Amino acid sequence: MHLWLERLGNTGLTYGFRLCSADGAETYAHGTRVLVRLDATTLRPTSWSERFRAAGRELLRSAE
C-alpha cells in the first residue's frame with residue numbers, strides 16, 4: 001500500500017492511497033479521502049497541532 005498526503009490544510013487534509021501488488025506492477029485500488037479534525041466538545045472543525053502539521057508535511061506528495 002502506498003499512502004501520501006495530497007493537501008494539508010488548517011483543519012482538514014486529503015490523503016491518497018494505492019493498493020498494489022508486492023512488486024508495484026499491478027494496481028488493485030486507488031483513491032483519495034478527506035479528513036476534517038473536529039473538536040471533541042463542540043464537534044466543530046479545529047486546527048491541527050503544529051506537531052501533527054510538521055509530521056504531515058513530510059508525507060506531502062510533491063507537485064509534478
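We number each residue from 1, following the sequence as shown. Since the structure is predicted, the reported quantities are computational estimates derived from the model, not experimental observations.
The nearest pair of heavy atoms linking Gly24 to Cys20 is CA-SG, 4.0 Å.
Placement of Leu38 and Leu35 in two distinct hydrophobic clusters is found when ILVMFWY residues are connected by side-chain heavy-atom separations under 4.5 Å, directly or transitively.
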Side-chain donor-acceptor contacts of residues 43-56 below 3.5 Å, not counting sequence neighbours, with atom names and distances?
from, atom 1, to, atom 2, distance (Å)
Ser47, OG, Asn10, OD1, 3.2
Ser47, OG, Asn10, ND2, 3.2
Trp48, NE1, Gly12, O, 3.3
Ser49, OG, Phe52, N, 3.1
Glu50, OE2, Arg57, NH2, 2.6
Arg53, NH1, Gly9, O, 2.7

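Thr11 is linked by a side-chain hydrogen bond (donor to acceptor under 3.5 Å, both in side chains) to nothing, counting only residues two or more places apart in sequence or in another chain. Shown here are the side-chain contact (heavy atoms from CB on, under 4.5 Å) partners of Leu19, two or more places apart in sequence or in another chain: Met1, Ala29. The side-chain contact (heavy atoms from CB on, under 4.5 Å) test applied to Ala25 returns Ser21, Asp23, not counting sequence neighbours.
Atom CG of Leu3 is separated from atom CG of Leu59 by 7.0 Å, given to the nearest 0.5 angstrom.
Residue pairs meeting the ring-ring contact (aromatic ring centres under 6.0 Å, His included) criterion with at least one partner in residues 12-41, sequence neighbours excluded, do not occur; the list is empty. Among pairs with a residue in residues 2-15, those fulfilling salt bridge (charged side-chain N to carboxylate O under 4.0 Å, His left out) read Glu6-Arg61, at least two apart in sequence or across chains.
Side-chain atoms of Leu5 and Thr14, non-hydrogen and from C-beta on, never get closer than 4.5 Å to each other.
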